[in-house]
Structures are given as C-alpha cells and as structure tokens.
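A quick write-up on the structure given underneath.
Starting from 1, each residue takes its place in the sequence as its number. In this text the structure is predicted, and so the values were computed from the model without any measurement. What's counted below: heavy atoms across the whole structure, side chains too, no hydrogens, waters or symmetry copies.
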Amino acid sequence: MCWLLAAVAVPLPAAWPAVAACPRVVATTGERTVGTGVCVAVRDGFAYVLTAAHAVPGPADREVQFFDRRSYPTPARVYRGVEVVARLAD
C-alpha cells in the first residue's frame with residue numbers, strides 16, 4: 001500500500017528498509033538505461049548490488065542511487081563510476 005503525494009508514490013513506513021536496500025542503477029552514457037537492484041552485501045568499503053542484465057547493457061558509465069525517507073524521490077547518495085564485476089551470458 002502506498003500514499004500518493006504530488007504524483008509520487010510514497011511507501012508506507014514499514015517499506016523504508018526495502019527502499020533503502022534497493023538502489024536505482026543508471027547507465028549515464030552509451031545506451032542509457034534505468035533499472036533497480038538490491039544491495040546483497042557490504043564488505044571492505046564496497047557495496048554489492050544485484051541487478052538485471054538490462055540495467056547494465058554493454059560498456060557505459062554507471063551510477064547507483066540510494067534513497068532514504070528524507071530524500072525520496074531525490075537520491076540521498078549517488079555513487080558514480082561503478083563497475084560490473086560479473087555478468088551471466090544471455
């Protein structure tokens with residue numbers, strides 16, 4: 001269930017942990033795409049985000065945008081220059 005505020009769907013309070021754990025993945029060059037992912041681990045200063053192949057097609061500069069309750073729908077943190085560390089063959 002979501003509230004509608006200024007044409008933006010705002011998750012209920014219980015959904016904020018999921019919103020924080022599911023960043024937007026954006027290809028900012030080449031074939032510009034937008035997808036979402038889920039943060040599956042944070043280790044040694046790195047966050048590992050699992051996403052679908054369509055969110056990371058071919059060579060492109062990428063950024064990962066994380067949201068929180070105060071910033072939504074604007075990203076609270078943006079990480080640029082992210083790398084794809086593994087991709088399964090189509």
By the salt bridge (charged side-chain N to carboxylate O under 4.0 Å, His left out) test, which pairs, at least two apart or in different chains, include something from residues 69-81?
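Output for this query lists E63-R80, D68-R70.
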
Sort and list the pairs that fulfil salt bridge (charged side-chain N to carboxylate O under 4.0 Å, His left out) and have at least one residue in residues 43-62, not counting sequence neighbours.
none

Using ring centroids (six-membered ring only for Trp), state whether F67 and W16 fall under 6.0 Å.
no

Connected via hydrophobic side-chain network under 4.5 Å: V26 and V38:
no

ILVMFWY cluster membership beyond V42 - transitive side-chain contacts under 4.5 angstrom
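Result for V42 is none, singleton.
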
Only one of V34, T51, T33, L50 passes side chain to side chain contact (heavy atoms under 4.5 Å, CB included) with V25; say which it is.
T51

Between P23 and C39, which heavy-atom pair has the shortest distance, and what is it?
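Looks like CD-N, 4.2 Å.
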
To check you understand the geometry: which heavy-atom pair defines the closest contact between G37 and V49, and what is its length?
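Heavy atoms only, the tightest pair is CA-CG1, 4.0 Å.
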
A20: what forms a side-chain contact (heavy atoms from CB on, under 4.5 Å) with it, not counting sequence neighbours?
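A20: no side-chain contact (heavy atoms from CB on, under 4.5 Å) contacts found.
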
